[in-house]
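All values derive from a computational prediction rather than experimental measurement. Letters A, B, ... mirror the listed sequences (proteins, then strands); counts begin at 1.
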Number of protein chains: 2
Amino acid sequence: MPRVKPTLAGGFRDYGPEDMIQRQAMIATIQSVFERFGYDPLETPLVERRAVLTGNDPNFRMHLFDTRIAGSRIVDDPEQAMALRFDLTVPLARFVAAHPDLPRPFKRYQRGDVLRGEKPQAGRFREFMQFDVDIVGSDQAIADAEIIAVMVETLRELVGIRFSVRFNNRKLLNGLPEYAGYDSSLQADVLRIIDKQPKVGRAAVLRELAKPPRAQSGTPDSEEGADQVEAAFGPGLSATAVEKVGAFLDLDGSTDQLLGQASDLFQGVRIAEEGLGELREIVIALRSMGVPEELWRFDLSIARGLAYYTGPVFEAFLEDLPEIGSVFGGGRYDDLVSRFMAGSFPATGVSVGIDRLFAALKQLGRITTKPTLTQALVTVMDRSAMADYLSMTGELRRAGVRTMVWLGMETGFKAQLAYATRQEIPVVVISGSNERHDGSVTIKDMARRRQTTVPRADLVRTVASILQTSDT
Amino acid sequence: MPRVKPTLAGGFRDYGPEDMIQRQAMIATIQSVFERFGYDPLETPLVERRAVLTGNDPNFRMHLFDTRIAGSRIVDDPEQAMALRFDLTVPLARFVAAHPDLPRPFKRYQRGDVLRGEKPQAGRFREFMQFDVDIVGSDQAIADAEIIAVMVETLRELVGIRFSVRFNNRKLLNGLPEYAGYDSSLQADVLRIIDKQPKVGRAAVLRELAKPPRAQSGTPDSEEGADQVEAAFGPGLSATAVEKVGAFLDLDGSTDQLLGQASDLFQGVRIAEEGLGELREIVIALRSMGVPEELWRFDLSIARGLAYYTGPVFEAFLEDLPEIGSVFGGGRYDDLVSRFMAGSFPATGVSVGIDRLFAALKQLGRITTKPTLTQALVTVMDRSAMADYLSMTGELRRAGVRTMVWLGMETGFKAQLAYATRQEIPVVVISGSNERHDGSVTIKDMARRRQTTVPRADLVRTVASILQTSDT
């Protein structure tokens, strides 16, 4: 048969041992924080019914990976069509709806790969890992505060202090039409324009808000690429409305200052006042829990793209790598479960982008990769003494030392030592004819570049003591 | 929008917290054994190019899940078509071929879900988790022995002693035509018939081997369901050949006895003698490594279905649940990497079926599930004292206690206690007006059904001491 090219599908990647060893350590840290906060593990399948993922929403825009059993007719019946999950939140909502007997609140974490068929870019892949915590069945702002506390604690353990967790409340944005006096049908347009502020500046945003709409052709502007330049048409806000939106954009200061300013600004706007009340509760809760003040703040620019958020929204940024965007994102989504069933299932949660965070920690030098977890290599000097090498290997493993016996096809000692050096294996065990004659064994401490010959019976003790005093 | 049914796609399943907590513990045990034997982690994507998975083999029979980005034209170009992995071995071979600079030997473990579009049955799902160890770049029988040792050690830690690891060598089967004197073109048929022995018995197998083939219609028997009944047609082996296959089937005894019998039987059959030499090396290596004799044995009935095995093959069975089949399976596959590149890449390895093993351990009572990892619930008696509850929660978490503060929407104390009881949370922390007045806190030890009121400052110490003396 002709050879097959050993290439990956476009937009996918491997993680070799060097990365995986540290990635697993990072994941273990995150998991232990999540568990300390009282979250339990859940696992849902990679494949879901398409209707579950899209909610049969005609405006669903995510690029899904469809899937079907090879050779089966393509199933267009939306009840049967299958696709790969694009996040872990929708499957959670499906799980909650399918298990009405779950304890409430239901606090779970889930880690898993999700797939999106977007155009692959440098550092962006079509399959990536998310690690989520969510609380289903609590409408309280202290639940949102707990999510923020989890974010802070996770990043404290992984990054130290050079990060900030920022939050806002969608209800403030929802109060904008009433506050500024424009029709709520213009809201999507207004928010899209406001979002451009970091790129185009305040003046351009206000100019665009005032621009009259395109003659009623019925075709809205294409959104492709439109989010970075000032458009020719706008929602046609009145001068007063534009001025009021400008005042909103001008709010600035510490968390407490912002809360005060926003309270004045939104006075009498019920939905926004409700949102501010929740934010105040969150702030009090964070202080009560002892979450360090300098690691979180209220930030009116946080909005979170996903349509399902209904209240507080959260993001986390690394101060030394602001350009990579948020490494954690989430919010409250009180209506998602009702896609599947009647009743009230308020929920809030957050998701870590494992791949992005891992790449960031590597870039920041917070992670030093190493080629192997193996601590000792038992070399093979003489194949006729294999029984002896294998028994040493067994002894070391039973003592908990991560040990390899040389299994390579190159038999020379040089190749074995080169392997240990390349793989940074800290201890090499050598037993040649001299050692066997003496009943001894030679042990090389690779990091300190020294070796010692000890009685065979002292093998395990000697290796263990080298490992204890090195830090591998 | 109309509601969507919260149902899973057919053949898929969720793992709720009760199962997941113990499943994760089981996986952690396996991982620590694999690491002790010198294996390092690797991760490859769920999605691969279809050609990589099938090798463009026209006889490829696995039911793959094809996948494509929704809305894209169905890609029939085999260079671009994508599918979901059905095992972790083929992606390993692809990875090795793509990275010619890998250290040799390359010892890796990989854990991940694989997907097969087979008809779902009770206890069998279309997505299931495998956990593999493999050694690439060693042609030595001690590498195969190490794989067997890994299997034994893993099952020792998980199951104790009621299991057996059994191995054989495909080279003995490959020697059958020469030994028995039949044409090797009949081999596939002969092996298929021999495989029926446990179900139909020795006599029926020999009868079928002797049956003449169907008139040359060119259409082979359908294999569906054909493996359990005696067929009307057969390979038409001569009486001598049938007798010799019968003698092969009669081999029986301990590992050493079988090795002796098989050596006599296969005398002069080169490929089989080579296989027996490897098995002898494996046995010596297992004894040298100190792998307990009663936990492994040479078993001529082990064959492993997958086409890519070329030498020793391994399976593991639980003695108390023989009916579930093997929980570990693998073997040597020296030619798989050459699907992708020239050169010699001998390899050997084994895969644990995580879901099957987990179900078995539950059935055997080796695993007792519990609803949550959470160790303490801080109840909310009075929402005006929330700051106090949150600060207790923060203190407990900082001390490493897995803690929840009550976030539920039911506010009564009864509901909170019922939650703790149902979730088997071992410690409940209570602070009502009395306690707050006294500067004390009440701590319920749920398992021992007793409670104590201590100074507020002793909260962490008291909770920790209850947890230390219970075993949660």
Side-chain angles (χ1 to χ4, degrees), chain A residues 4 6 9 12 14-15 17 20 24 35-36 38 40-45 47-49 51-52 55-56 63-70 82 94-95 97-98 103-105 117 127 135 138-140 143 285 288-290 339-340 372-374 387 390-391 394 397 402-404 407-409 422-423, chain B residues 4 6 9 12 14-15 17 20 24 35-36 38 40-45 47-49 51-52 55-56 63-70 82 94-95 97-98 103-105 117 127 135 138-140 143 285 288-290 339-340 372-374 387 390-391 394 397 402-404 407-409 422-423:
Chain A
V4 178
F12 293 87
D14 295 313
Y15 278 104
M20 275 301 290
Q24 287 188 161
E35 289 177 356
R36 215 181 312 138
D40 287 307
L42 173 71
E43 210 160 277
T44 63
V47 174
E48 295 271 0
R49 291 171 54 241
V52 163
N56 289 328
H63 294 282
L64 288 181
F65 274 89
D66 280 341
T67 189
R68 61 172 173 134
I69 296 168
M82 295 180 287
R94 193 259 310 139
F95 180 83
R104 304 272 184 86
E127 175 178 343
I135 305 167
S138 176
D139 59 357
Q140 297 183 46
S288 304
M289 282 188 269
R339 169 186 295 181
F340 304 106
T372 186
L373 290 163
T374 299
L390 292 174
S391 94
R397 286 175 179 161
R402 296 190 295 269
T403 308
M404 267 191 194
L407 298 172
M409 291 159 78
R422 173 186 170 165
Q423 293 292 89
Chain B
V4 178
F12 293 87
D14 294 314
Y15 277 103
M20 275 302 290
Q24 288 189 161
E35 289 176 356
R36 216 181 310 138
D40 287 307
L42 173 72
E43 211 159 276
T44 63
V47 174
E48 294 272 0
R49 290 171 55 239
V52 163
N56 289 328
H63 294 282
L64 289 180
F65 275 89
D66 280 340
T67 189
R68 60 174 174 134
I69 296 167
M82 294 181 286
R94 194 261 309 140
F95 179 83
R104 303 273 184 86
E127 175 178 344
I135 304 166
S138 175
D139 58 358
Q140 297 183 47
S288 304
M289 281 188 270
R339 170 185 294 179
F340 303 106
T372 186
L373 289 164
T374 299
L390 292 175
S391 94
R397 287 174 179 162
R402 296 190 295 268
T403 307
M404 267 190 195
L407 298 173
M409 292 160 76
R422 172 185 172 168
Q423 293 292 89

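In terms of non-hydrogen atom pairs under 4.5 Å with chain B, the most contact-rich of A:A9, A:G117, A:P6, A:G394 is A:P6. The candidate with the highest count of non-hydrogen atom pairs below 4.5 Å against chain B, out of A:L64, A:L390, A:V47, A:V4, is A:V4. When each of A:R104, A:H63, A:E35, A:M20 is scored by its heavy-atom pairs under 4.5 Å with chain B, the top score falls to A:M20. When A:S138, A:A285, A:G290, A:A143 are compared by the number of non-hydrogen pairs under 4.5 Å with chain B, A:S138 comes out ahead. Most heavy-atom pairs under 4.5 Å with chain A: of the set B:T372, B:V52, B:T44, this distinction falls to B:T372. Among B:R94, B:M404, B:M289, B:R339, the residue with the largest count of heavy-atom pairs under 4.5 Å with chain A is B:R94.
In this structure the side chain of A:R422 reaches within 4.5 angstrom of the side chain of B:P103, judged on heavy atoms. Using a 4.5 Å heavy-atom threshold, the side chains of B:T67 and A:R68 count as separate. For the pair A:M82/B:F12, a side-chain contact is recorded, criterion being any heavy-atom separation below 4.5 Å from C-beta on. Looking at heavy atoms from C-beta onward, B:P45 lies in side-chain contact with A:D14 at the 4.5 angstrom threshold.
In terms of modelled atom types and a separation under 3.5 Å, the side chain of B:Q140 and the main chain of A:G408 share a donor-acceptor contact. In this structure, the side chain of B:S288 does not engage the main chain of A:S391 through any donor-acceptor pair within 3.5 Å.
Of all non-hydrogen atoms in A:P41 and B:L373, the two that sit nearest each other are CD-CD1, 4.2 Å. Considering every non-hydrogen atom in both B:G38 and A:T374, the closest pair reads CA-OG1, 3.4 Å. Across every non-hydrogen atom of A:D40 and B:P17, the tightest pair is CB-CB, 3.8 Å. Contact record, A:R397 with B:R36: O-CD, 2.9 Å, taken as the closest heavy-atom pair.
Interface residue B:Q423: only side-chain heavy atoms are found under 4.5 Å from chain A. Of the two parts of B:I135, only the side chain, counted from C-beta on, holds a non-hydrogen atom closer than 4.5 Å to a non-hydrogen atom of chain A.
From A:D66, atom CG reaches atom CG of B:D66 across 11.5 Å, with rounding to the nearest 0.5 Å.
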